[in-house]
There are 2 protein chains.
Amino acid sequence: MAKVPSAAISRLVTYLRILEDLEAAGVNRTSSEQLAEEAQVTAFQVRKDLSYFGSYGTRGVGYTVQVLRRELRQILGLNRRWGLCIVGMGRIGQALADYPGFSSTFELKGFFDIDPAKHHLSFGGIPVQGMEELPRAVAERHIELGLIAVPGQMAQSVADQLVESGIKGILNFAPVVLEVPKDVAVENVDFLAGLSRLSFFALNPKWREEMVG
Amino acid sequence: MAKVPSAAISRLVTYLRILEDLEAAGVNRTSSEQLAEEAQVTAFQVRKDLSYFGSYGTRGVGYTVQVLRRELRQILGLNRRWGLCIVGMGRIGQALADYPGFSSTFELKGFFDIDPAKHHLSFGGIPVQGMEELPRAVAERHIELGLIAVPGQMAQSVADQLVESGIKGILNFAPVVLEVPKDVAVENVDFLAGLSRLSFFALNPKWREEMVG
């Protein structure tokens, strides 16, 4: 496979959402031009991003919405189920545990916190447990992804424990850069970067309308 | 100005962080190659992203860390102060209000919630107020950016009220696409997109190491 820019994966996620909206609206066919307009990139970019993973669509005919949606879900690994756990059941962790928007792809299977006062809580029938229960829970419940919602100074230690437990990927809400082995994926949810982007766009509303990509 | 891809703004934010780290480490000079390696893009991409905004660095000599950092802060509008408010003082809003990582660029100046039970709370000495106080507070306290941390079904109505109050930009934590006038900037904090990326990278650890960009 050719080298894939990591930004291409973000764009695939965007294309998938557009396709889901189109399918929900009863639209059967689309084109790289339509996807590009919705995603605010060029049609060339859409075709290039898809080309990393195979040959999709027919020249002059475009894409079948349902087919391309299924292909993208497969590329992204969203056609399977992922077991998730949340570590850190403070305000962010609890808000995530109660979040109604998880698709059936992502299943919350465990909640962990070092604070015994949190161990009387449960979410969706699953009790919050101490960190010492993490390794066994990860193994027995087939938990593959961990969400870290602890304070910054505890995040690396939690990441280490998740890695030792055999987790494959971490979604990090703590404002620190985590060090993990190369075969463990990390994605950071970073609202300060969003705030910096907002600063630029709020100062440059005219430039914004002229932007591409 | 040439058309700027919106992804370039995200990369400028990344370059700025790298420069801040370099400066904190006492490094005086850097290069597009070094920035590229840290940001996981190509050196050509770094030079191109900077070229939208002016002429930086000297061929064969590179960049002065402190100078480029200052230039990037100016481009992004981070060399000024922004007044912020948070609407929705549930768990997410309260976690944001207590977040210790805001730089001096961003100043929390107001907190709003429709629930009167929240109006006895205060953060940093600023009380939580009702939504009817929003327009006056935005005007009198020079609040320019609004963080929306309300449930999805209320987010558009809150966005409308922020826009009417004269806000310039919105950081949206609600899982909905907001409709706002073209001169109002919106950035979405979207952890589900992060989870979809994580799904891909957890399935493809080898591809990940080969990735560029």
Side-chain angles (χ1 to χ4, degrees), chain A residues 1 3-10 12-14 16 40-41 75-78 82 90-92 94-96 101-103 105-106 144-145 152 168-171 173 175 182-189 191-205 207-213, chain B residues 1 3-10 12-14 16 40-41 75-78 82 90-92 94-96 101-103 105-106 144-145 152 168-171 173 175 182-189 191-205 207-213:
Chain A
M1 192 175 80
K3 291 198 175 184
V4 183
S6 114
I9 306 305
S10 301
L12 292 187
V13 173
T14 302
L16 175 58
Q40 295 187 280
V41 297
I75 291 169
L76 292 168
L78 301 174
W82 289 96
R91 289 179 298 211
I92 302 284
Q94 290 189 34
L96 289 170
F102 286 107
S103 69
T105 303
F106 298 105
E144 294 170 293
L145 305 177
K168 289 180 178 170
I170 292 172
L171 189 66
F173 288 79
K182 275 197 169 180
D183 58 343
V184 175
V186 174
E187 288 288 315
N188 297 296
V189 178
F191 80 95
L192 286 183
L195 210 46
S196 294
R197 285 171 53 94
L198 195 60
S199 166
F200 176 86
F201 293 126
L203 277 182
N204 301 283
W207 293 1
R208 192 165 168 246
E209 289 167 37
E210 286 172 10
M211 279 195 179
V212 295
Chain B
M1 193 175 79
K3 291 199 175 184
V4 183
S6 114
I9 307 305
S10 301
L12 292 187
V13 173
T14 302
L16 174 58
Q40 295 186 280
V41 297
I75 290 168
L76 291 168
L78 300 174
W82 290 96
R91 289 179 297 210
I92 302 285
Q94 291 189 32
L96 289 170
F102 287 107
S103 69
T105 303
F106 298 104
E144 294 169 293
L145 306 177
K168 288 179 178 171
I170 292 171
L171 189 65
F173 289 79
K182 274 198 169 180
D183 58 342
V184 175
V186 174
E187 288 287 317
N188 297 297
V189 179
F191 80 94
L192 286 184
L195 211 45
S196 294
R197 285 171 53 93
L198 194 60
S199 165
F200 176 85
F201 293 126
L203 276 183
N204 301 284
W207 293 2
R208 193 166 168 243
E209 290 168 35
E210 286 172 10
M211 279 197 178
V212 296

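Below, chains carry the letters A, B, ... as their sequence lines are ordered, and counting in each starts from 1.
Nearest heavy atoms, B/Ala202 versus A/Ala185: N-CB, 3.9 Å. Between A/Ile92 and B/Ile92, the closest heavy-atom pair is CD1-CD1, 4.4 Å. For B/Ile75 against A/Asn204, the heavy-atom pair with the smallest separation is O-ND2, 4.4 Å. Residues A/Leu198 and B/Leu171 share a closest heavy-atom pair of CD2-N, 3.7 Å. In terms of heavy-atom proximity, B/Ser199 sits nearest to A/Gly77 at OG-O, 3.0 Å. Across all their heavy atoms, A/Arg197 and B/Glu187 have their closest contact at NE-OE1, 2.6 Å.
By the 4.5 Å heavy-atom criterion applied to side chains, B/Leu192 and A/Phe102 are counted as neighbours. Counting only heavy atoms from C-beta outward, the side chains of A/Trp82 and B/Leu203 approach each other to under 4.5 Å.
With hydrogens and angles disregarded, no donor-acceptor distance shorter than 3.5 Å links the side chain of B/Ser196 to the backbone of A/Val13.
Both the backbone and the side chain of B/Leu78 come within less than 4.5 Å of a heavy atom in chain A. Within the 4.5 angstrom heavy-atom criterion, only side-chain atoms of A/Leu145, from C-beta onward, approach chain B. Using a 4.5 Å cut-off between heavy atoms, B/Phe191 touches chain A through backbone and side chain atoms alike.
Heavy-atom pairs under 4.5 Å with chain B were tallied for A/Leu96, A/Val189, A/Asn188, A/Leu76; the largest tally goes to A/Leu76. Considering only heavy-atom pairs separated by less than 4.5 Å from chain A, the leading option among B/Ser103, B/Gly90, B/Gly169, B/Ala95 is B/Ala95.
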